[in-house]
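Below is one structure, written out as structure tokens, with a few remarks after it.
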Amino acid sequence: SCQIAANPVWQGKEVTGAVIIILDVTERMRGEQLRREFTANVSHELKTPLTSISGFAEIIKDGFVKPEDTKVFASRIFKEAQRLITLVNDVIKISQLDEGEIVYQKEQVDLYQLSKEVLHRIEHSAKEKDVKLYLEGSHVQVSTVRMILDEVLFNLCENGLKYNKQGGSLTVTLKEENNKVEISVEDTGIGIPEGEQSRVFERFYRVDKSHSKAIGGTGLGLSIVKHGCMYLGAKVDVESTPGVGSKFTITM
Ligand code: ADP
């Protein structure tokens, strides 16, 4: 708050006017707080697998592992190292999108072809889980950054498979209407409770920590989806019913 005197004088002269600049720093402070939280989360997420790797390696080094068990310990180390690689790659992707440090080139992309390629990449895991994959719609063309849309679509399809039930289905649908393009990824999986639906896009947020841990993941996939969509000038929404399934829709 400030008070202005009745006849203000400054350096011997009467003041006839004033310019007041008010800067709202709420957004900036929130940004800084989010960045601090992110750094704390990343450090924690890096520490957990590193502690396991170091522990398992030490046990082997000290000769406490029987030769026949070495393989088990080595695969634990390998698994934790893989997790670290995924995590570091995810963090790099988010910061690149966030900082806008790289300007990606747009190109003409056939969404049907792109979706087909993405589904092809998860075909093997889908077979193992007996999940049927469907692609509906036509050869819609958009001018976009192929690499980012590929990543966004892949993350959604990977989740649609990961959180699906044995024998379920995953459908990618493409629609074009009134100059708008919609890509939806719908699964018949475990679903997301209503109160959690907006939170799943937050960095490191996972609905059921113990269940999600068994499934595996970094909690960054949907954050990459959100940031990727923002970069592309698109938006992403979710509709879901627990026990029935989820539908993520990208509108461009
Ligand atoms: P991750 O899958 O690595 O945990 P994500 O950011 O991709 O991280 O997703 C965040 C959380 O949202 C997941 O842990 C899961 O609880 C929930 N989730 C995401 N996609 C789905 C889906 N298709 N069905 C049910 N839950 C989902």
Side-chain angles (χ1 to χ4, degrees), residues 34 37-38 40-42 44-46 48-49 79-98 115 118-119 121-123 125-126 128-135 148-173 182-231 234-250:
L34 284 178
E37 277 172 18
F38 185 51
N41 277 331
V42 170
H44 173 78
E45 295 288 324
L46 288 175
T48 317
K79 217 174 126 203
E80 295 294 342
Q82 288 295 316
R83 190 175 148 70
L84 275 178
I85 294 171
T86 313
L87 182 73
V88 170
N89 281 336
D90 282 357
V91 171
I92 292 172
K93 277 177 214 154
I94 289 189
S95 33
Q96 280 175 344
L97 290 169
D98 227 14
S115 310
V118 168
L119 288 176
R121 265 181 265 153
I122 60 165
E123 213 169 60
S125 323
E128 278 183 349
K129 207 168 170 176
D130 192 25
V131 169
K132 299 260 177 310
L133 303 178
Y134 299 101
L135 174 55
I148 296 181
L149 189 58
D150 183 301
E151 179 77 33
V152 164
L153 207 54
F154 179 77
N155 283 355
L156 290 179
C157 289
E158 200 187 30
N159 280 350
L161 182 60
K162 247 177 22 178
Y163 300 103
N164 220 318
K165 296 175 196 133
Q166 192 82 19
S169 68
L170 175 69
T171 310
V172 176
T173 310
E182 258 184 32
I183 312 168
S184 61
V185 179
E186 190 167 6
D187 65 62
T188 54
I190 58 172
I192 305 165
E194 201 177 338
E196 317 255 10
Q197 287 172 18
S198 58
R199 302 212 60 191
V200 291
F201 294 99
E202 290 173 17
R203 292 161 175 181
F204 294 110
Y205 193 83
R206 310 192 78 194
V207 175
D208 174 350
K209 286 231 181 318
S210 54
H211 186 237
S212 301
K213 194 161 184 206
I215 291 176
T218 59
L220 289 173
L222 286 180
S223 181
I224 295 175
V225 167
K226 191 177 107 186
H227 282 78
C229 283
M230 273 158 64
Y231 191 97
K235 72 176 177 94
V236 58
D237 296 302
V238 58
E239 295 160 62
S240 185
T241 311
V244 178
S246 310
K247 182 178 177 183
F248 287 82
T249 307
I250 302 166

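Numbering of ligands and ligand atoms starts at 1, following listing order.
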Sub-4.0 Å atoms of ligand 1 with respect to non-hydrogen atoms of Leu220: 6 (O), 8 (O)
Gly219 N/O under 3.5 Å from ligand 1 N/O: yes
Distance-only N or O hit between ligand 1 and Gly221, under 3.5 Å: yes
Ligand-residue contact atoms, ligand 1 with Thr218, heavy atoms, under 4.0 Å: 3 (O)
Spacing of Glu186 atom CD and Ser169 atom OG [to the nearest 0.5 Å]: 8.0 Å
For Gly217, the ligand 1 atoms whose distance to one of its heavy atoms is below 4.0 Å: 3 (O)
Side chain, backbone, both or neither: Val207 near ligand 1, heavy atoms under 4.0 Å: both
Any N or O of Leu222 closer than 3.5 Å to N or O of ligand 1: yes
Approximate separation, where rounding is to 0.5 Å, of Thr86 OG1 and Glu45 CD: 12.0 Å
Nearest-0.5 Å distance, CG of residue Leu133 to CG of residue Leu161: 7.0 Å
From Ser240 atom OG to Tyr163 atom OH, the distance as rounded to the nearest 0.5 Å: 12.5 Å
Within-shell test, Lys162 vs ligand 1, heavy atom, strictly < 4.0 Å: yes
Spacing of Arg203 atom CZ and Ile94 atom CD1 [to the nearest 0.5 Å]: 5.0 Å
Option nearest atom 20 (N) of ligand 1 (shortest heavy-atom distance, choices Asn159, Ile215, Asn155, Asp90): Asn159
Within-shell test, Phe248 vs ligand 1, heavy atom, strictly < 4.0 Å: yes
Straight-line distance of Asp237 CG to Gln197 CD, nearest 0.5 Å: 10.5 Å
Polar proximity ligand 1 side, Tyr205 side, N/O cut 3.5 Å exclusive: no
Derivation and outcome, side-chain contact (heavy atoms from CB on, under 4.5 Å), residues Leu222 and Val238: CA-CA 11 Å; Leu222 286 180; Val238 58; over 6 Å; no
Min N/O separation Asp187 to ligand 1 under 3.5 Å: yes
4.5 Å side-chain heavy-atom contact, Leu170 and Lys129: no
